[in-house]
Amino acid sequence: MPVQSLAELVRFVRRNSPFYAALYSGLPDHVTELTRLPVMPQTEFWQANTPRGNTLLTGPLDEAVVFKSGGTTGAPKFSFYTREEWHEFTTAFGAGLVDAGLRPGERVADLFYTGDLYASFTFILDALHRAPVANVRLPIGGAAPLASTVDTLEQFDVEVIAGTPTTFCSLAEYLQAEGRRLPHVTTLFFGGESIFSDQQRLLATAFPNARVASIGYAAVDAGLVGAAVPGGDPRLHRAFTPHTVVEILDEDSGEPVTRTGVPGRVVVTDLRRRLMPVLRYPVGDRAEWTCTAAGHFRILGRAEEGLRVGPVALHTQDVHDLVRSVDPAGRISGLQLVVRRWEGRDGLVLRLGSDLRDEELPELTAAVDKAFGAARPMYEAAVAAGHIHPVAVEWVRHADLAVNTRSGKLIRAVDERPHA
(Lines give C-alpha, C1' and ligand atoms only; values in the text may rest on other atoms or scores of the structure.)
Protein backbone atom coordinates (compact mmCIF):
# COMPACT_ATOMS: atom_id res chain seq x y z
CA MET A 1 0.00 0.00 0.00
CA PRO A 2 1.50 3.38 -0.96
CA VAL A 3 1.98 6.11 1.60
CA GLN A 4 -1.17 8.22 1.72
CA SER A 5 -1.27 11.96 1.85
CA LEU A 6 -2.51 13.31 5.15
CA ALA A 7 -5.54 14.89 3.47
CA GLU A 8 -6.51 11.57 1.88
CA LEU A 9 -6.06 9.66 5.15
CA VAL A 10 -8.14 12.15 7.13
CA ARG A 11 -10.93 11.98 4.55
CA PHE A 12 -10.87 8.19 4.71
CA VAL A 13 -11.02 7.91 8.49
CA ARG A 14 -13.78 10.52 8.78
CA ARG A 15 -15.85 8.63 6.23
CA ASN A 16 -15.32 5.13 7.64
CA SER A 17 -14.66 5.39 11.40
CA PRO A 18 -17.47 6.66 13.65
CA PHE A 19 -14.88 7.53 16.31
CA TYR A 20 -12.78 9.67 13.98
CA ALA A 21 -15.89 11.21 12.44
CA ALA A 22 -16.89 12.48 15.88
CA LEU A 23 -13.35 13.47 16.89
CA TYR A 24 -12.83 15.52 13.71
CA SER A 25 -16.38 16.85 13.40
CA GLY A 26 -15.31 20.43 14.02
CA LEU A 27 -12.48 20.44 11.48
CA PRO A 28 -12.58 21.86 7.94
CA ASP A 29 -13.40 19.45 5.13
CA HIS A 30 -9.85 19.57 3.79
CA VAL A 31 -6.99 19.10 6.30
CA THR A 32 -3.40 19.11 5.09
CA GLU A 33 -1.43 19.93 8.27
CA LEU A 34 -0.96 17.59 11.20
CA THR A 35 -1.15 20.43 13.68
CA ARG A 36 -4.79 21.01 12.70
CA LEU A 37 -5.63 17.60 14.18
CA PRO A 38 -6.07 17.13 17.93
CA VAL A 39 -3.60 14.90 19.77
CA MET A 40 -5.31 11.55 20.24
CA PRO A 41 -7.17 11.29 23.58
CA GLN A 42 -6.00 7.84 24.64
CA THR A 43 -8.80 7.01 27.06
CA GLU A 44 -11.45 7.66 24.41
CA PHE A 45 -9.36 5.85 21.77
CA TRP A 46 -9.33 2.64 23.78
CA GLN A 47 -12.95 2.93 24.85
CA ALA A 48 -13.86 2.94 21.16
CA ASN A 49 -11.35 0.25 20.13
CA THR A 50 -12.96 -2.89 21.56
CA PRO A 51 -13.51 -6.45 20.26
CA ARG A 52 -17.30 -5.97 20.25
CA GLY A 53 -19.07 -2.82 19.13
CA ASN A 54 -15.85 -1.26 17.84
CA THR A 55 -16.41 2.30 16.61
CA LEU A 56 -12.76 3.09 15.80
CA LEU A 57 -12.05 0.56 13.04
CA THR A 58 -12.76 1.66 9.48
CA GLY A 59 -14.22 -1.66 8.36
CA PRO A 60 -15.43 -5.06 9.54
CA LEU A 61 -13.01 -7.30 11.38
CA ASP A 62 -12.91 -10.09 8.80
CA GLU A 63 -9.19 -10.17 7.87
CA ALA A 64 -6.57 -9.16 10.41
CA VAL A 65 -4.04 -10.25 12.99
CA VAL A 66 -4.91 -9.24 16.56
CA PHE A 67 -2.44 -8.41 19.31
CA LYS A 68 -2.76 -7.26 22.91
CA SER A 69 -0.76 -4.60 24.70
CA GLY A 70 -0.49 -3.76 28.39
CA GLY A 71 -3.55 -2.93 30.43
CA THR A 72 -5.35 -4.15 33.50
CA THR A 73 -6.93 -7.59 33.41
CA GLY A 74 -10.36 -6.08 33.02
CA ALA A 75 -9.36 -3.73 30.21
CA PRO A 76 -6.85 -5.27 27.80
CA LYS A 77 -5.95 -3.16 24.77
CA PHE A 78 -6.14 -4.77 21.34
CA SER A 79 -4.45 -3.72 18.11
CA PHE A 80 -5.46 -4.84 14.63
CA TYR A 81 -3.42 -5.12 11.42
CA THR A 82 -4.50 -6.36 8.02
CA ARG A 83 -2.27 -8.86 6.27
CA GLU A 84 -0.82 -6.15 4.03
CA GLU A 85 -0.28 -3.71 6.91
CA TRP A 86 1.56 -6.32 8.98
CA HIS A 87 3.73 -7.24 6.00
CA GLU A 88 4.70 -3.58 5.46
CA PHE A 89 5.23 -3.01 9.18
CA THR A 90 7.66 -5.91 9.56
CA THR A 91 9.38 -5.24 6.21
CA ALA A 92 10.18 -1.65 7.18
CA PHE A 93 11.38 -2.69 10.62
CA GLY A 94 13.47 -5.47 9.07
CA ALA A 95 15.26 -2.90 6.92
CA GLY A 96 15.97 -0.94 10.10
CA LEU A 97 17.67 -4.01 11.60
CA VAL A 98 20.39 -3.69 8.98
CA ASP A 99 20.93 -0.07 9.97
CA ALA A 100 21.14 -1.27 13.59
CA GLY A 101 23.98 -3.62 12.68
CA LEU A 102 22.53 -6.94 11.49
CA ARG A 103 25.07 -8.50 9.11
CA PRO A 104 24.55 -11.02 6.26
CA GLY A 105 24.47 -14.63 7.40
CA GLU A 106 24.30 -13.96 11.13
CA ARG A 107 22.49 -16.42 13.35
CA VAL A 108 19.84 -14.68 15.41
CA ALA A 109 18.03 -16.07 18.46
CA ASP A 110 14.60 -14.54 19.09
CA LEU A 111 14.08 -14.51 22.87
CA PHE A 112 11.10 -12.19 22.96
CA TYR A 113 7.87 -13.41 24.53
CA THR A 114 5.07 -15.11 22.65
CA GLY A 115 1.50 -16.21 23.31
CA ASP A 116 -1.50 -14.57 24.97
CA LEU A 117 -1.82 -12.22 21.96
CA TYR A 118 1.50 -10.49 22.65
CA ALA A 119 3.30 -9.32 19.54
CA SER A 120 7.03 -9.00 20.18
CA PHE A 121 8.19 -12.54 19.36
CA THR A 122 6.17 -12.80 16.15
CA PHE A 123 7.03 -9.24 15.17
CA ILE A 124 10.78 -9.72 15.47
CA LEU A 125 10.71 -13.11 13.77
CA ASP A 126 8.76 -11.69 10.82
CA ALA A 127 11.03 -8.63 10.66
CA LEU A 128 14.09 -10.88 10.51
CA HIS A 129 12.41 -12.97 7.82
CA ARG A 130 11.83 -9.85 5.72
CA ALA A 131 15.16 -8.14 6.43
CA PRO A 132 17.09 -7.33 3.24
CA VAL A 133 20.08 -9.48 4.31
CA ALA A 134 20.22 -13.25 4.75
CA ASN A 135 20.09 -14.47 8.34
CA VAL A 136 19.46 -17.67 10.28
CA ARG A 137 16.49 -17.41 12.63
CA LEU A 138 16.16 -19.42 15.84
CA PRO A 139 12.69 -18.90 17.40
CA ILE A 140 13.51 -19.85 21.00
CA GLY A 141 11.20 -17.49 22.88
CA GLY A 142 11.57 -15.83 26.26
CA ALA A 143 9.86 -18.53 28.32
CA ALA A 144 12.15 -21.43 27.38
CA PRO A 145 14.24 -22.90 30.23
CA LEU A 146 17.53 -21.08 30.56
CA ALA A 147 19.55 -24.29 30.36
CA SER A 148 18.06 -25.31 27.02
CA THR A 149 18.33 -21.74 25.70
CA VAL A 150 22.05 -21.65 26.48
CA ASP A 151 22.53 -25.08 24.91
CA THR A 152 20.89 -23.89 21.69
CA LEU A 153 22.94 -20.70 21.65
CA GLU A 154 26.12 -22.77 21.97
CA GLN A 155 25.13 -25.50 19.52
CA PHE A 156 24.46 -23.00 16.75
CA ASP A 157 27.22 -20.53 17.65
CA VAL A 158 24.59 -17.80 17.77
CA GLU A 159 26.03 -14.36 17.13
CA VAL A 160 22.97 -12.17 17.75
CA ILE A 161 20.41 -12.43 20.54
CA ALA A 162 17.20 -10.40 20.42
CA GLY A 163 15.15 -9.92 23.58
CA THR A 164 14.37 -7.74 26.56
CA PRO A 165 17.05 -6.54 28.99
CA THR A 166 15.30 -8.57 31.69
CA THR A 167 15.75 -11.76 29.66
CA PHE A 168 19.38 -10.94 28.91
CA CYS A 169 20.11 -10.38 32.60
CA SER A 170 18.46 -13.68 33.56
CA LEU A 171 20.66 -15.41 31.01
CA ALA A 172 23.76 -13.63 32.29
CA GLU A 173 23.02 -14.56 35.90
CA TYR A 174 22.49 -18.19 34.89
CA LEU A 175 25.78 -18.23 32.98
CA GLN A 176 27.60 -16.66 35.94
CA ALA A 177 26.21 -19.29 38.30
CA GLU A 178 27.36 -22.01 35.90
CA GLY A 179 30.80 -20.48 35.46
CA ARG A 180 30.23 -20.11 31.74
CA ARG A 181 30.38 -17.35 29.12
CA LEU A 182 29.24 -16.95 25.51
CA PRO A 183 32.14 -15.21 23.75
CA HIS A 184 30.76 -15.94 20.26
CA VAL A 185 27.79 -13.60 20.82
CA THR A 186 28.62 -10.29 19.16
CA THR A 187 25.32 -8.38 19.47
CA LEU A 188 22.55 -8.13 22.06
CA PHE A 189 19.58 -6.44 20.39
CA PHE A 190 17.29 -5.19 23.16
CA GLY A 191 13.76 -3.86 22.98
CA GLY A 192 10.59 -3.48 25.01
CA GLU A 193 12.19 -1.66 27.95
CA SER A 194 15.09 0.63 28.78
CA ILE A 195 18.54 -0.70 29.52
CA PHE A 196 20.65 0.66 32.38
CA SER A 197 24.36 0.82 33.15
CA ASP A 198 24.17 -1.77 35.95
CA GLN A 199 22.58 -4.22 33.51
CA GLN A 200 25.25 -3.56 30.89
CA ARG A 201 27.99 -4.31 33.43
CA LEU A 202 26.33 -7.65 34.21
CA LEU A 203 25.94 -8.51 30.52
CA ALA A 204 29.61 -7.80 29.84
CA THR A 205 30.61 -10.60 32.21
CA ALA A 206 28.56 -13.25 30.37
CA PHE A 207 28.85 -11.88 26.83
CA PRO A 208 32.35 -10.37 26.81
CA ASN A 209 32.45 -9.65 23.06
CA ALA A 210 28.90 -8.39 22.62
CA ARG A 211 27.79 -4.86 21.95
CA VAL A 212 24.42 -3.87 23.40
CA ALA A 213 22.22 -2.08 20.87
CA SER A 214 18.60 -1.09 20.38
CA ILE A 215 16.74 -3.38 18.01
CA GLY A 216 14.57 -0.43 17.04
CA TYR A 217 11.61 1.48 18.40
CA ALA A 218 8.11 0.22 17.70
CA ALA A 219 4.90 -0.44 19.59
CA VAL A 220 2.04 -2.76 18.79
CA ASP A 221 -0.48 0.07 19.15
CA ALA A 222 1.48 2.98 17.63
CA GLY A 223 3.38 0.90 15.04
CA LEU A 224 6.70 2.07 13.61
CA VAL A 225 8.38 4.82 15.62
CA GLY A 226 12.15 4.79 15.12
CA ALA A 227 15.00 2.78 13.62
CA ALA A 228 18.15 2.46 15.69
CA VAL A 229 20.97 4.87 14.89
CA PRO A 230 24.40 3.17 15.02
CA GLY A 231 26.82 4.57 17.56
CA GLY A 232 27.45 4.53 21.26
CA ASP A 233 24.05 5.77 22.50
CA PRO A 234 21.32 3.08 22.35
CA ARG A 235 18.66 5.75 22.95
CA LEU A 236 19.22 7.36 19.52
CA HIS A 237 16.70 6.57 16.77
CA ARG A 238 15.55 8.01 13.46
CA ALA A 239 11.98 8.39 12.29
CA PHE A 240 10.66 5.78 9.85
CA THR A 241 10.08 8.30 7.07
CA PRO A 242 7.94 8.12 4.93
CA HIS A 243 5.93 5.41 6.69
CA THR A 244 5.29 7.42 9.83
CA VAL A 245 5.59 10.99 11.05
CA VAL A 246 7.14 11.52 14.47
CA GLU A 247 6.42 14.70 16.41
CA ILE A 248 7.85 15.83 19.73
CA LEU A 249 5.39 18.10 21.50
CA ASP A 250 6.06 20.59 24.25
CA GLU A 251 4.66 19.11 27.46
CA ASP A 252 2.96 22.34 28.49
CA SER A 253 1.79 24.03 25.30
CA GLY A 254 1.34 20.96 23.12
CA GLU A 255 3.10 22.74 20.27
CA PRO A 256 5.65 20.85 18.13
CA VAL A 257 9.25 21.15 19.28
CA THR A 258 11.52 22.19 16.41
CA ARG A 259 14.83 22.77 18.23
CA THR A 260 17.36 20.16 19.27
CA GLY A 261 17.85 19.34 22.92
CA VAL A 262 14.33 20.33 24.02
CA PRO A 263 12.41 17.47 25.66
CA GLY A 264 8.78 16.70 24.88
CA ARG A 265 6.27 13.88 24.45
CA VAL A 266 6.40 11.66 21.38
CA VAL A 267 3.34 11.36 19.13
CA VAL A 268 3.16 9.33 15.93
CA THR A 269 1.05 9.41 12.78
CA ASP A 270 1.05 6.31 10.56
CA LEU A 271 0.45 7.15 6.90
CA ARG A 272 -0.19 3.55 5.82
CA ARG A 273 -2.51 1.94 8.36
CA ARG A 274 -6.19 2.13 7.47
CA LEU A 275 -8.03 -0.58 9.44
CA MET A 276 -6.99 0.83 12.83
CA PRO A 277 -5.83 4.36 11.98
CA VAL A 278 -3.19 6.00 14.17
CA LEU A 279 -3.05 9.80 13.87
CA ARG A 280 -1.16 11.95 16.39
CA TYR A 281 -1.10 9.06 18.82
CA PRO A 282 0.91 9.52 22.06
CA VAL A 283 3.45 6.71 22.25
CA GLY A 284 4.05 7.16 25.97
CA ASP A 285 7.68 8.29 25.81
CA ARG A 286 9.60 11.53 26.14
CA ALA A 287 12.34 12.42 23.66
CA GLU A 288 14.41 15.25 22.24
CA TRP A 289 15.58 15.95 18.71
CA THR A 290 19.31 15.50 18.14
CA CYS A 291 19.21 16.31 14.40
CA THR A 292 15.95 17.57 12.99
CA ALA A 293 17.13 17.44 9.37
CA ALA A 294 17.87 13.70 9.64
CA GLY A 295 14.90 13.00 11.92
CA HIS A 296 17.16 11.74 14.72
CA PHE A 297 15.89 11.81 18.30
CA ARG A 298 16.95 10.54 21.72
CA ILE A 299 14.52 8.71 23.99
CA LEU A 300 14.49 10.22 27.49
CA GLY A 301 12.15 7.90 29.37
CA ARG A 302 8.44 7.46 29.80
CA ALA A 303 5.80 10.18 29.50
CA GLU A 304 2.65 10.56 31.52
CA GLU A 305 0.60 8.18 29.36
CA GLY A 306 2.33 5.19 30.90
CA LEU A 307 5.35 3.62 32.50
CA ARG A 308 7.32 0.45 31.99
CA VAL A 309 8.58 -1.21 35.16
CA GLY A 310 11.10 -3.81 34.06
CA PRO A 311 9.21 -5.95 31.54
CA VAL A 312 5.76 -4.79 32.69
CA ALA A 313 3.87 -2.01 30.88
CA LEU A 314 1.43 0.10 32.88
CA HIS A 315 -1.05 2.60 31.47
CA THR A 316 -1.35 5.54 33.81
CA GLN A 317 -5.10 5.97 33.39
CA ASP A 318 -5.70 2.28 34.19
CA VAL A 319 -3.92 2.61 37.53
CA HIS A 320 -5.70 5.86 38.34
CA ASP A 321 -9.06 4.18 37.62
CA LEU A 322 -8.07 1.21 39.77
CA VAL A 323 -7.20 3.36 42.78
CA ARG A 324 -10.38 5.38 42.37
CA SER A 325 -12.41 2.14 42.37
CA VAL A 326 -11.22 1.23 45.89
CA ASP A 327 -11.78 4.76 47.20
CA PRO A 328 -15.39 5.65 46.40
CA ALA A 329 -15.43 8.13 49.29
CA GLY A 330 -12.67 10.18 47.66
CA ARG A 331 -10.27 10.04 50.57
CA ILE A 332 -7.29 9.93 48.19
CA SER A 333 -6.84 13.44 46.83
CA GLY A 334 -4.06 12.71 44.35
CA LEU A 335 -2.03 9.90 42.82
CA GLN A 336 1.32 9.68 41.10
CA LEU A 337 2.97 6.61 39.60
CA VAL A 338 6.67 6.77 40.44
CA VAL A 339 9.14 4.30 38.93
CA ARG A 340 12.57 4.02 40.53
CA ARG A 341 15.57 1.73 40.18
CA TRP A 342 17.58 0.31 43.07
CA GLU A 343 19.55 -2.87 43.74
CA GLY A 344 19.61 -3.57 40.00
CA ARG A 345 15.82 -3.71 39.59
CA ASP A 346 12.95 -1.39 38.78
CA GLY A 347 10.15 -0.80 41.25
CA LEU A 348 6.81 1.01 41.23
CA VAL A 349 5.73 3.38 43.98
CA LEU A 350 2.12 4.52 44.17
CA ARG A 351 2.45 7.95 45.74
CA LEU A 352 -0.95 8.82 47.24
CA GLY A 353 -1.94 12.23 48.52
CA SER A 354 -4.30 12.44 51.48
CA ASP A 355 -4.93 14.29 54.71
CA LEU A 356 -6.16 11.14 56.51
CA ARG A 357 -5.01 10.37 60.02
CA ASP A 358 -2.21 7.82 60.29
CA GLU A 359 -4.49 5.19 61.82
CA GLU A 360 -6.79 5.36 58.78
CA LEU A 361 -4.04 4.60 56.24
CA PRO A 362 -3.35 0.84 56.72
CA GLU A 363 -6.85 -0.24 55.67
CA LEU A 364 -6.79 1.86 52.51
CA THR A 365 -3.21 0.78 51.75
CA ALA A 366 -4.26 -2.88 51.95
CA ALA A 367 -7.22 -2.23 49.64
CA VAL A 368 -4.99 -0.56 47.04
CA ASP A 369 -2.42 -3.39 47.27
CA LYS A 370 -5.12 -6.06 46.85
CA ALA A 371 -6.76 -4.33 43.90
CA PHE A 372 -3.45 -3.75 42.13
CA GLY A 373 -2.37 -7.37 42.58
CA ALA A 374 -5.67 -8.67 41.21
CA ALA A 375 -5.65 -6.32 38.23
CA ARG A 376 -2.01 -6.76 37.26
CA PRO A 377 -1.01 -10.41 37.69
CA MET A 378 1.85 -9.90 35.23
CA TYR A 379 3.41 -7.44 37.67
CA GLU A 380 3.11 -9.96 40.49
CA ALA A 381 4.63 -12.68 38.29
CA ALA A 382 7.60 -10.44 37.49
CA VAL A 383 8.08 -9.81 41.22
CA ALA A 384 7.99 -13.55 41.90
CA ALA A 385 10.60 -14.10 39.19
CA GLY A 386 12.89 -11.54 40.84
CA HIS A 387 12.77 -9.14 37.88
CA ILE A 388 11.27 -6.14 39.72
CA HIS A 389 10.48 -4.95 43.24
CA PRO A 390 7.00 -5.33 44.76
CA VAL A 391 4.71 -2.34 44.37
CA ALA A 392 4.92 0.07 47.30
CA VAL A 393 2.41 2.64 48.57
CA GLU A 394 3.76 5.98 49.76
CA TRP A 395 1.46 8.43 51.56
CA VAL A 396 2.14 12.16 51.35
CA ARG A 397 0.22 15.36 51.92
CA HIS A 398 -1.45 16.56 48.77
CA ALA A 399 0.80 19.62 48.78
CA ASP A 400 3.83 17.32 48.55
CA LEU A 401 2.81 15.71 45.27
CA ALA A 402 5.10 16.70 42.39
CA VAL A 403 3.75 19.36 40.03
CA ASN A 404 4.95 20.89 36.80
CA THR A 405 7.06 23.89 37.78
CA ARG A 406 5.73 25.99 34.89
CA SER A 407 2.03 25.11 34.84
CA GLY A 408 1.49 23.96 38.43
CA LYS A 409 -0.38 20.88 37.17
CA LEU A 410 -0.10 17.58 39.00
CA ILE A 411 2.34 15.18 37.29
CA ARG A 412 0.56 11.83 36.90
CA ALA A 413 3.65 9.67 36.26
CA VAL A 414 7.24 10.28 37.34
CA ASP A 415 10.22 8.32 35.98
CA GLU A 416 13.12 8.70 38.43
CA ARG A 417 15.44 6.13 36.84
CA PRO A 418 18.90 7.21 35.60
CA HIS A 419 18.30 7.20 31.83
CA ALA A 420 21.45 9.16 30.95
**Item:** Nearest-0.5 Å distance that lies between atom CG in Leu111 and atom CZ in Phe121
**Value:** 9.0 Å
**Asked** Say you draw a straight line from OG1 of Thr258 to CD1 of Ile248; how long is it, rounded to the nearest 0.5 Å?
**Response** 10.5 Å
**Item:** Axial cation check for Phe12 ring with Arg274, 6.0 Å and 45° limits
**Value:** yes
**Asked** For the atom pair CD1 (Ile388) and CE (Met378), what is the distance rounded to the nearest 0.5 Å?
**Response** 8.5 Å
**Message:** Let me confirm one number: the CG-CD distance from Leu202 to Glu173, rounded to the nearest 0.5 Å.
**Reply:** 5.5 Å
**Message:** Looking at Tyr20 and Pro277, would you say the former's side chain and the latter's main chain have a donor-acceptor pair under 3.5 Å?
**Reply:** yes
**Message:** Glu88 vs Arg272, test: salt bridge (Lys or Arg N to Asp or Glu O under 4.0 Å). Steps then yes/no.
**Reply:** CA-CA 9 Å; Glu88 292 176 342; Arg272 293 195 178 221; 3.5 Å; yes
**Request:** Verify, without hydrogens or angle tests, whether Thr167 (side chain) and Gly163 (backbone) share a donor-acceptor contact under 3.5 angstrom.
**Result:** no
**Asked** What's the verdict on ring pair (Phe, Tyr, Trp, His ring centres under 6.0 Å) for Phe67 and Phe123, showing C-alpha distance, side-chain angles and the deciding distance?
**Response** CA-CA 10 Å; Phe67 294 109; Phe123 173 64; 8.7 Å; no
**Asked** Nearest 0.5 Å, what's the CG-CZ distance between Asp318 and Arg376?
**Response** 7.5 Å
**Prompt:** Distance from Gln176 atom CD to Arg181 atom CZ, nearest 0.5 Å?
**Reply:** 11.0 Å
**Message:** Salt bridge check, Asp415 against Arg286: does any charged N sit closer than 4.0 Å to a carboxylate O?
**Reply:** no
**Request:** Give a yes or no on whether a salt bridge exists between Asp116 and Lys68, defined as a side-chain N under 4.0 angstrom from a carboxylate O.
**Result:** yes
**Message:** Among Leu153, Leu146, Leu182, Leu203, which residue satisfies the side chain to side chain contact (heavy atoms under 4.5 Å, CB included) criterion with Leu175?
**Reply:** Leu182
**Request:** Kindly indicate whether a cation-pi arrangement holds for Arg273 with Tyr81, taking the cut-offs as under 6.0 Å to the six-membered ring centre and within 45° of the axis.
**Result:** yes
**Request:** Would you indicate whether the side-chain heavy atoms of Ser5 and Glu8 approach each other to under 4.5 Å?
**Result:** yes
**Asked** Quick one: side chain to side chain donor-acceptor pair (under 3.5 Å) pairs with a partner in residues 142-157, sequence neighbours left out?
**Response** Glu154-Arg180
**Request:** Apply salt bridge (Lys or Arg N to Asp or Glu O under 4.0 Å) to Glu247 and list each qualifying residue two or more places apart in sequence or on a separate chain.
**Result:** Arg280
**Asked** Should the ring pair Phe89 and Trp86 be called parallel, tilted or perpendicular, given that the plane angle runs from 0 to 90° and is split at 30 and 60?
**Response** perpendicular
**Request:** Quick one: list whatever passes salt bridge (Lys or Arg N to Asp or Glu O under 4.0 Å) with Asp400, sequence neighbours left out.
**Result:** none
**Prompt:** Got a sec, which residues hit side-chain contact (heavy atoms from CB on, under 4.5 Å) with Thr187, two or more places apart in sequence or on another chain?
**Reply:** Val160, Phe189, Arg211
**Prompt:** With sequence neighbours excluded, what pairs up with Arg340 under the salt bridge (Lys or Arg N to Asp or Glu O under 4.0 Å) test?
**Reply:** Glu394, Glu416
**Request:** From the options Val158, Leu97, Ile161, Leu102, select the one residue that forms a side chain to side chain contact (heavy atoms under 4.5 Å, CB included) with Val108.
**Result:** Leu102
Got a list of side-chain donor-acceptor pairs under 3.5 Å for residues 219-233, not counting sequence neighbours?
from   : atom 1 : to     : atom 2 : distance (Å)
Asp221 : OD2    : Tyr281 : OH     : 2.8
Asp233 : OD1    : Arg235 : N      : 2.9
Asp233 : OD1    : Arg235 : NE     : 3.0
Asp233 : OD2    : Arg235 : NH2    : 3.1
Asp233 : OD2    : Arg298 : NE     : 3.1

**Item:** Centroid-centroid under 6.0 Å between Phe168 and Phe190 rings
**Value:** no
**Request:** Given side chain to side chain contact (heavy atoms under 4.5 Å, CB included), test Trp342 with His389 step by step and report yes or no.
**Result:** CA-CA 9 Å; Trp342 69 98; His389 294 286; 3.3 Å; yes
**Request:** Kindly determine whether Asp346 and Phe196 satisfy side chain to side chain contact (heavy atoms under 4.5 Å, CB included), including the steps that lead there.
**Result:** CA-CA 10 Å; Asp346 289 352; Phe196 299 96; 3.9 Å; yes
**Expected output: side-chain His129 to main-chain Ile124 donor-acceptor under 3.5 Å** = no
